[in-house]
Amino acid sequence: MKSEQKRLIEVTDGVAIPSRKDVGLFTAWRVSFIGAITIIAALIVLKPDPYWRIFTFLPDGVFITFQVTVEAILLALVIGLFTGLGRISKNPIINGIASVYVEVIRGIPLLVQLFYIYFALGRLVNVPAMASAVIAMAVCYGAYMGEIFRAGIESIPDGQMEAARSLGMTHAQAMRHVILPQAFKTILPPIGNEFVALLKDSSLVSILAVSDLLRRGREFASESFTYFETYTMVALVYLVITLFLSKLISIMEERLGVNQ
Amino acid sequence: MSTSEETALVRVENVSKYFDSLKALDNVSINVHNQERMVVLGPSGSGKSTLLRSINQLETIDGGRIIVDGIDITDHRTDINKVREEIGMVFQSFNVFPHRTVLDNINLAQTVVRKRSKKESTEISRELLDKVGILDKENVYPTKLSGGQQQRVAIARALAMKPKLMLFDEPTSALDPEMIGEVLDVMKNLALDGMTMIVVTHEMGFAREVADRVVFMDYGAIIEEGTPEHFFHNPTMERTKIFLNQIL
């Protein structure tokens with residue numbers, strides 16, 4: 001019974017989440033993280049123009065990147081939960097809708113989806129670029145999230161549902177009180193992973209006139225003609241953020257005892 | 001139809017069940033009366049667990065009727081959740097909820113299904129934990145308990161609903177030998193309290209001591225039934241004799 005807790009969902013995307021075996025001074029994570037910060041600091045000190053100017057220009061974009069990522073992931077979690085429940089539903093219509101959604105979304109590149117939702121929504125209602133960016137990211141990631149929820153729910157032994165139902169609980173009550181709280185532990189690592197992946201993919205929204213980190217960089221570069229310097233800084237800032245987040249997620253997982 | 005059939009708590013009428021082409025239950029009929037203790041024996045794959053699981057509709061049947069406490073559970077208009085509230089079930093694999101403490105395991109369905117207050121639920125839970133002998137473990141998570149203790153939590157969890165009927169599906173088969181006794185003792189006490197019980201088991205000692213009636217199943221059908229006295233000492237059917245020779 002105790003060994004049932006296993007990582008059923010493989011990490012396939014995003015920055016590698018550091019494993020606990022990774023001890024010692026020179027872990028890949030430490031080298032990358034400290035290296036990136038050191039290079040940023042060195043560039044700013046040694047060549048303040050343009051690096052310091054770039055560095056002070058970017059924070060507004062970092063804020064927008066975070067805003068898009070957090071809003072999209074929250075919406076994607078809701079979509080993912082219902083998609084996951086739909087995928088395991090015995091009702092052929094609900095199951096069909098959820099399955100088609102997952103298949104269609106997974107078969108279309110995110111960039112194409114972004115364009116499509118932006119212009120399709122634009123034909124019907126006047127949606128700000130930011131909102132349509134968030135919706136597009138959420139619709140896309142909701143499909144992947146749905147598969148994570150499905151796998152998480154299916155990882156809980158059938159006996160748990162049977163025990164809950166035998167006590168008179170409805171299917172929904174059993175899901176809410178028995179299955180989902182247990183599935184949560186299994187799906188936390190891949191969700192953390194999706195968060196980091198979404199943050200990186202959010203750079204695509206820069207084409208929709210959303211001033212995220214990448215777009216701020218482009219704005220600066222095209223005015224000052226410092227393309228190489230600006231994109232060097234943009235890449236380093238993304239790297240520091242994703243490395244920091246993946247570390248934070250792995251610490252959170254350990255606190256919650258996901259790997260036990 | 002005799003009056004005893006009409007007053008039976010559980011009426012299984014000509015029930016059939018298929019798993020693909022395999023016939024798991026073959027035209028099974030049996031009645032269980034109030035306060036009766038029925039033990040179902042048989043080799044693995046004989047359909048005894050399937051019969052038990054049909055009674056609270058964890059398995060849906062393909063033919064016949066099952067009536068529990070006057071309600072036809074095979075009628076699609078029946079709210080099966082309401083019927084299940086009255087039927088406790090204990091599983092071979094315990095199926096305690098690992099994310100909840102022992103006390104919360106027993107409280108959950110009381111508050112969610114029976115709509116009892118937290119306070120009332122806890123009182124009932126503590127009383128039952130005392131009865132099954134693990135009151136000192138109320139704040140422990142089930143994974144820290146032995147198999148025998150987990151199964152006693154599962155029994156208390158089912159009893160907390162105040163069921164009219166208890167189903168036991170090989171409750172001791174997954175236990176280490178030294179823990180079987182503690183679970184059987186709880187079940188014996190339950191029988192003494194007058195609980196109606198249907199028990200699928202391989203524990204012959206329990207069948208002899210506790211059962212009012214022993215039912216022997218094979219190939220999805222009831223081969224023979226009778227008192228333990230009759231069943232263990234004067235079985236009439238050849239299949240029963242072979243089975244008893246193999247296990248005794």
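A, B, ... follow the sequence lines: proteins, then strands. Residue 1 opens every chain.
- Counting heavy-atom pairs closer than 4.5 Å to chain B, the top residue among A/Gly168, A/Pro181, A/Ala174 is A/Gly168.
- Using a cut-off of 4.0 Å between Lys/Arg side-chain N and Asp/Glu carboxylate O, B/Glu127 and B/Lys131 are scored as not salt-bridged.
- Chain A forms the most heavy-atom pairs under 4.5 Å with one residue out of B/Pro98, B/Ala160, B/Ala158, B/Gly88, and that residue is B/Pro98.
- No side-chain donor from either of B/Asn139 and B/Thr101 sits under 3.5 Å from a side-chain acceptor of the other.
- For a residue to count as touching a neighbouring chain, one of its non-hydrogen atoms must lie under 4.5 Å from one of that chain's; by this rule B/Phe91 touches chain A with the side chain only.
- Contacts of B/Gln149 classified as side-chain hydrogen bond (donor to acceptor under 3.5 Å, both in side chains), with partners at least two apart in sequence or in another chain: B/Ser146.
- We find that B/Glu86 and B/Arg114 are joined by a salt bridge, their nearest charged nitrogen and carboxylate oxygen being less than 4.0 Å apart.
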Q: Would you check, one step at a time, whether the test side-chain hydrogen bond (donor to acceptor under 3.5 Å, both in side chains) holds for A/Thr170 with B/Asn81?
A: CA-CA 6 Å; A/Thr170 63; B/Asn81 298 318; 5.5 Å; no

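- Contacts of B/Ile87 with chain A are made by backbone atoms alone, with heavy-atom separations under 4.5 Å and no side-chain atom involved.
- Other residues, nucleotides and ligands contribute only 12 or fewer heavy atoms inside 6.0 Å of the CZ atom of A/Phe63.
- Between chain A and the options B/Arg157, B/Arg100, B/Met89, the largest number of non-hydrogen pairs under 4.5 Å is found for B/Arg157.
- Within the 4.5 angstrom heavy-atom criterion, no atom of B/Val90 approaches chain A.
- For A/Gln173, the part lying under 4.5 angstrom from a heavy atom of chain B is the side chain only.
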